[in-house]
Amino acid sequence: MLKIDCKDKHFSEIGKTIRESKDKEIVIDNCLGHRYIASGVGGKDIVINGTPGNALGSYLDGCKIVVNGSAQDAVGDTMNDGIIIIHGNSGDATGYAMRGGKIFIKGDAGYRAGIHMKAYKDKFPVLVIGGKAGSFLGEYQAGGIILVLGVNTDSKTNVGYFTGNGMHGGKIILRSDELPDLPPQIISRKANAEDLQEIEKYVQEYCSYFGGEPKDIMEKSFYVLTADSANPYKQLYTSL
Amino acid sequence: MAINYIYPVYEVVRNASRCVNCKICEKQCANGVHKFDAKNGIMIADESKCVNCHRCVATCPTRALKIVKSDNTYRENANWSAESMKEIYKQAESGGVLLSSMGNPQPLPVYWDKIVINAAQVTNPSVDPLREPMETTVFLGSKPDEIVRDKDGKIVDNMTSQLKLSTPIMFSAMSYGSISYNAHASLAKAAEKLGIFYNTGEGGLHEDFYRYGKNTIVQVASGRFGVYKDYLEAGACIEIKVGQGAKPGIGGHLPGTKIVGDISKTRMIPVGSDAISPAPHHDIYSIEDLRQLVYSLKEATGYKKPIAVKVGAVHNVSAVASGIARSGADIIVIDGFRGGTGATPTRIRDNVGIPIELALASVDKRLRDEGIRGNVSLVVGGSIRNSADVIKAIALGADACYIATAALMAMGCHLCRSCHLGKCNWGIATQVPELVQRLDPEEGCDRLVNLVNAWTHEIKEMMGGMGINSIEALKGNRLMLRGVGLNEKELEILGIKHAGE
């Protein structure tokens, strides 16, 4: 196991150490806003104690990253594979354009979480937000699943404004009693038995990381949001 | 409704005495213009479908065909051109955004044509490239500010990664999807042969082309299509696309109908799903954010590859470039308003952005004034039409030029500007297998190599004429340029004198 103490270290030094390390297990201590941790890295098991900076696990290609703390912006940007578990909150654009792997956030996510998430063949991205999400959740979403659990929040919808703007694939699932205002191309429905089965799987996984009882979370109602077309702009143009 | 009838712009003129009814034109035209009229035993044409791509003209064995502009006219006036009228009818009928292809066709000034190049006479000797060595090699990337020595006085190698080009010309970004597999194959092969680079565009990289990686620039745009570790590792350089000259400020929608087969695989999105590139990168709202994307890419690839940032030439391009030069990027790419595209809203293509000549001169000056020109290399594109444009661009301060429209023409494009229809008869801007196979990658490659070699020789001739034997000595050498018929403001921005001064 490799231990990295971030104190007085530049991000490039930490990045180089991780890239060149033969150790599978890495523990990063005293992390305080150090950016780009594990950018493009695969096959490692990384524990971060502290607060990693922006672009944690960008282009991640199959690592397990556990953050004992909160994360900042663009966690898992263009992530391809792996899992990121955050025992805190996460900043804006969490999971931007992620194509595969999973991100679990114990608390809240900022603006534009899951923006432009997409799935492809065996790649299926999963973003689970334990608390509430900011505005523009799942903007341009093209695939995968975003689950907002709204645990320990007093928000009615657990999301901000413009949820699913430009969405043209995938699913957003909200655990709440009422729906937020949605753009016209979004179809919403109460979760059916099949949906609940899928949801429960992720809720169990969530609880396995952060504690809590799955059945307590499953008690509340869930809404499933999908897009009405994979081709939202088909009618927009006329050829000259 | 008759009001929507738009008279065909072109007429297909068939010389009946030459036509032998061989039906080659019928087979060659994917637009379905030509047809054999069995009853009368003659070939007929529906010119309403003609885009004037000249495929039938070029393949007619008896030279029986020509395409001419129709002399049918509306009652035009200086304000309402036939084109403007037609656009109104189209939009009134459909309610749609007008869609076009290729670069801005409007009669706005082409500054290249108002700039002339110097030559040596008497007081300094010109150089003959046929007999004397001429250096056209260019290195793109950030250059260190100072020479660092270790304690023994030996020079420490602090050079960052560089792209080495045999000549200051590269093939600009065109995605697999906007152009065909065979077009990409031609570009990749030619880049390798020439010792230059081609650019994947935002469509990912087909698995067959990973082997051309050392001559490939891979693009990362707002949709992040096909972007993953292996892709980033595959290229010699990573280009972050913020904007392009044909459509600065807007994103792209590749319709789901074009996301088929290998295109889906290469972009890593499901068949039939629209490929939507948002207008901005939603993780870049500032120069600080851009720096973040630059460094996340550098971290992901171990600082082994220069990172380029491509922007469209817009009003405040020099301020933007100054920011990019401070963001950690190694190369700035500026794309002028005449740059081509496979599809763009017509209004944006025709009205947004500024000429590359002015943008380049202004950016180069700004970076020099701020003492950060060495932080970055400067690459320009947006209708570089010939070797003289390259010379002028370099003398205005560019390190290299990107060409795309010219490269397409080398492969057979006849500039019918109908790429967005997806039925390119020359096998370039299409995914229809029967059409794609018309472009032979070997021949496409040879023609690209010929073009760039010819330009390079012309560049050497012009450099030699100026008494310059190295491209480095031409870079930013604005004294080698003079303006003709330009006003004082234009000359000031271009940083050149008027001819005769």
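Lettering of chains follows the sequences in order, A, B, ..., and the numbering in each one begins at 1.
Between A/G15 and B/E299, the shortest heavy-atom contact is CA-OE1, 3.3 Å. Across B/S222 and A/Y96, no two heavy atoms sit closer than the pair O-OH, 2.9 Å. Residues B/A300 and A/Y59 share a closest heavy-atom pair of CB-CD1, 3.7 Å. Residue B/R291 comes nearest to A/Y36 through the heavy atom pair O-OH, 3.8 Å, listed as atom of the first residue, atom of the second, then distance.
Proximity to chain A (any heavy atom under 4.5 Å) is restricted, for B/Y285, to the side chain, taken from C-beta onward. For A/E139, the part lying under 4.5 angstrom from a heavy atom of chain B is the side chain only. Only the side chain of B/L421 comes within contact range of chain A, judged by heavy atoms closer than 4.5 Å. Contact annotation for B/T301: neither backbone nor side-chain heavy atoms come within less than 4.5 Å of a heavy atom of chain A. When heavy atoms are compared at a cutoff of 4.5 Å, B/T346 approaches chain A solely by way of its side chain, counted from C-beta outward. Of the atoms belonging to B/E83, it is side-chain heavy atoms, and not backbone ones, that fall under 4.5 Å from chain A. Looking at A/S12, both its backbone and its side chain come within 4.5 Å of chain B, counting heavy atoms on both sides. For a residue to count as touching a neighbouring chain, one of its non-hydrogen atoms must lie under 4.5 Å from one of that chain's; by this rule B/L297 touches chain A with backbone and side chain alike. With a 4.5 angstrom heavy-atom cutoff, A/A119 touches chain B only via backbone atoms.
In this structure, A/N54 CG and B/D283 CG are separated by 9.5 Å, a value rounded to the nearest 0.5 Å. Note: B/L293 CG to A/S58 OG = 8.5 Å, rounded to the nearest 0.5 Å. The line from CG of A/N80 to CE of B/M268 is 5.0 Å long, rounded to the nearest 0.5 Å. Between B/L98 atom CG and A/T238 atom OG1 the span is 6.5 Å, to the nearest 0.5 Å. Considering NE2 of A/H116 and CD1 of B/I276, their distance stands at 6.5 Å, rounded to 0.5 Å. Here the CD1-NE2 distance, from A/I115 to B/H281, works out to 11.5 Å after rounding to the nearest 0.5 Å.
Judged by the 6.0 Å distance and 45° axis criteria, A/K118 is positioned over the aromatic ring of B/F225. Annotation: cation-pi geometry not satisfied between A/R35 and B/Y295 (NZ/CZ under 6.0 angstrom from ring centroid, within 45° of ring axis).
Among the candidates A/E20, A/M79, A/K123, A/H168, the residue making the largest number of heavy-atom pairs closer than 4.5 Å to chain B is A/H168. Your options are B/P270, B/A275, B/S101, and the one with the most heavy-atom pairs under 4.5 Å with chain A is B/P270. Between chain B and the residues A/A97, A/A38, A/G40, the largest count of heavy-atom pairs under 4.5 Å involves A/G40. Counting heavy-atom pairs under 4.5 Å between each of B/S100, B/G302, B/G256 and chain A puts B/G302 at the top.
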side-chain contact (heavy atoms from CB on, under 4.5 Å) between B/K265 and A/Y120, intermediate numbers included: CA-CA 8 Å; B/K265 199 168 153 190; A/Y120 176 67; 3.4 Å; yes
How far apart are the C-alpha atoms of B/R224 and A/D77, what are their side-chain angles, what is the distance that settles it, and do they pass the side-chain contact (heavy atoms from CB on, under 4.5 Å) test? CA-CA 10 Å; B/R224 307 284 159 83; A/D77 189 336; 2.5 Å; yes
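Side-chain polar atoms of A/Y111 and B/H282 form no donor-acceptor pair below 3.5 angstrom. Under 3.5 Å, the side chains of B/Y228 and A/T78 contain no donor-acceptor pair of N or O atoms.
Counting heavy-atom neighbours within 6.0 Å of B/K241 NZ, excluding the residue itself, gives a total above 12. At most 12 non-hydrogen atoms from other residues, nucleotides or ligands lie less than 6.0 angstrom from OH of A/Y161. Within 6.0 Å of CD on A/E194 lie no more than 12 heavy atoms contributed by other residues, nucleotides or ligands. Shown here is A/K64, whose NZ atom has no more than 12 heavy atoms of other residues, nucleotides or ligands within 6.0 Å.
Of the possible donor and acceptor atoms, one in the side chain of A/R99 sits under 3.5 Å from a partner among the backbone N and O of B/V227.
A tilted orientation is assigned to the rings of B/H253 and A/Y237, their planes being inclined by 30° to 60°.
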